[in-house]
Number of protein chains: 2
Amino acid sequence: MLNGFGKHVLESKSVLSDASKEYIDSIDMRQNSFMEGEIVYNAGDSVNYVHIVQQGWLTSLNVLANGGRQLLNFYTPNDLVGLEFLSSKETPSTLKALSASTLVSVQRDDFVKIMRESPSLMEHFLLIVGLQDVIMQERICSMSRMDAKHKIVYFLLLLKSKVDVKTQEESQSLFLPLTQYEIADSLGLTNVTVSKVMSELERSGYIQYKRQRIEFLNSVDLTKMVDFKDRYAQFSKRLRGRDNIATAA
Amino acid sequence: MLNGFGKHVLESKSVLSDASKEYIDSIDMRQNSFMEGEIVYNAGDSVNYVHIVQQGWLTSLNVLANGGRQLLNFYTPNDLVGLEFLSSKETPSTLKALSASTLVSVQRDDFVKIMRESPSLMEHFLLIVGLQDVIMQERICSMSRMDAKHKIVYFLLLLKSKVDVKTQEESQSLFLPLTQYEIADSLGLTNVTVSKVMSELERSGYIQYKRQRIEFLNSVDLTKMVDFKDRYAQFSKRLRGRDNIATAA
DNA sequence: CGAATTCTTGATAGCCCTCAAGATACGTGG
DNA sequence: CCACGTATCTTGAGGGCTATCAAGAATTCG
């Protein structure tokens, strides 16, 4: 039941740098496609799969008691979805496709089996989840004390950072498949406030904003404004250093 | 350089359930004590150690650009500190003792070495960090959309849950070595608001509150009020299930 | 070209912060 | 055991930020 593309993704450096290859061949991997807006799983579903993003943008989110939504994480190609709740019976959040997406899904038990066969792979996963945790902690800092403007700047820089690490280059132009409602739902704001802040950031000359695209005109000052720490870049840099050491050894 | 107490902690079920014991003997572990209010490390310090809490309460926190503080995590005996930034060069947050505390500190490289020798230990750590991540995500939900009253109820239930799992029993009385300033700094509120909400919760008959101690008079309704999910208890239950399976196999 | 979605802009209201003053609890030294 | 200073908590008044509501504009898509 080997899926060629899935195998390729699992073998790719970003995910399974050195898993025992013979185990991969015995794994049941399914490739699934989802339309824009489609739900991959709902909060409370059984945890049966770990997913690898091939194409598209997805988000994890929670529907709150008051009817509001909280967007939690964004997933782009090569991201792993589900590492943080491997131990859970039920998924803690919903996964929704923001754009047309393709996922490779690996059964949880198979995934754990692969992981156990490759300690260095498991260590890699530990570091990834650790990074996610640190980023969540820093998001809490930004959510709790910043005003709307600073929250939004922080959010945009975090997304930019994530995309930049993926593309291995720093781009001042960011594709952003999010409506203002969705940005608002990421930050505990309303779409009205997002609109007003975006306009203000444009007037101030920091960004240029059109639907689905943001140009950063002064990312240096924006970074200072919110004291943004680029954990994705630090992690990526550090990981490359580790790989070199491992290769040398 | 073996420290008997440290060895005991590392061997205890909660941390190193089955690490290769011969490695533990070669590890340099130091036991350090900290006074109330003392800083263990500051944000930005090099990551040199992983710490195991023996006694006391500690908190990780960030000092924000505007001078405010954000308390992030609380650590109680047998907790591990530092798992989530094993891959980082610098600590992302400050660690401060809330009460007189004792820590066993293991050098990061030694800790990683132990971990690599015991995949099941590493898997355990992966699950722990995953749990932390999930809890952080849910804290974001509570921070972004809840009003002050609901934030505080959520916060108290989360602390209660953590303590209950540690003590393996559900207690309606919670020792809480936090001032109202510190609760406020955990939630992005002010001490004034915390005071007012606490009084209101008392008037409504939900809790009885005195400095450093809270009695829950109706934790069922409080849990419903904020739709609280007890991830600590779920994790603990699930882990015991896994252990049984592992033993049977 | 028309309908639906998304975004903009303004007016109003509510929650929580800020500021302030007093009350209570705690620790220390006599 | 008491007195005093400090830290913590309580309570009230006023103001700012963002939610809510609403109406219209712009964009997208069939």
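Taking the charged nitrogens against the carboxylate oxygens, A:Lys229 and A:Asp227 do have a contact shorter than 4.0 Å, which makes a salt bridge. Salt bridge status for A:Glu170 with A:Lys160: present, with a side-chain N to carboxylate O gap under 4.0 Å.
In the helix from C:dC1-D:dG30 to C:dG30-D:dC1, the end axes, each obtained as the rotation axis mapping the C1' atoms of four pairs onto the next four within a five-pair block, lie 50° apart to the nearest 10 degrees.
Once you apply a 4.0 Å limit to the heavy atoms of chain B, the touched nucleotides of DNA chain D run 5' to 3' over D:dT8 to D:dA13.
Within the structure, the ring pair (Phe, Tyr, Trp, His ring centres under 6.0 Å) test picks out the following pairs touching residues 201-234 of chain A (sequence neighbours left out): A:Tyr154-A:Phe228.
A search for side chain to side chain contact (heavy atoms under 4.5 Å, CB included) contacts involving B:Ser46 returns B:Asn48, not counting sequence neighbours.
Note that CG of A:Leu95 and NE2 of A:His51 are 6.5 Å apart. Values are rounded to the nearest 0.5 Å.
Using modelled atom types and a 3.5 Å distance limit, the side chains of A:Asp79 and A:Thr76 yield a donor-acceptor pair. Side-chain contact of B:Asp45 with B:Thr91: a donor-acceptor pair under 3.5 Å is absent, judged by distance alone. Using a 3.5 Å distance cut-off with no hydrogens or angles, the side chains of A:Ser219 and A:Gln172 do pair a donor with an acceptor.
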Dump every N/O contact between nucleotides 16-20 of chain C and the protein below 3.5 Å, one line per pair.
| residue | atom | partner | partner atom | Å |
| --- | --- | --- | --- | --- |
| C:dC16 | OP1 | B:Ala148 | N | 2.6 |
| C:dC17 | OP1 | B:Gly188 | O | 3.3 |
| C:dC17 | OP1 | B:Thr190 | N | 3.4 |
| C:dC17 | OP2 | B:Thr190 | OG1 | 3.0 |
| C:dC17 | OP2 | B:Thr193 | OG1 | 2.2 |

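Considering all non-hydrogen atoms of both residues, B:Gly56 and B:Ser101 come closest at CA-OG, 3.5 Å.
Distance A:Ile183 CD1 to C:dT8 C1': 15 Å, rounded to the nearest Å.
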Validation: residues 133-142 of chain B side-chain donor-acceptor distances under 3.5 Å, sequence neighbours left out:
| residue | atom | partner | partner atom | Å |
| --- | --- | --- | --- | --- |
| B:Gln137 | NE2 | A:Glu84 | OE2 | 3.3 |
| B:Glu138 | OE1 | B:Arg231 | NE | 3.2 |
| B:Glu138 | OE2 | B:Arg231 | NE | 2.9 |
| B:Glu138 | OE2 | B:Arg231 | NH2 | 2.7 |
| B:Arg139 | NH1 | B:Leu72 | O | 2.3 |
| B:Arg139 | NH2 | B:Ser186 | O | 3.0 |
| B:Ser142 | OG | B:Arg139 | O | 2.9 |

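When distances are taken from the side chain of B:Arg211 to each of C:dT6, C:dT9, C:dA25, the shortest belongs to C:dA25.
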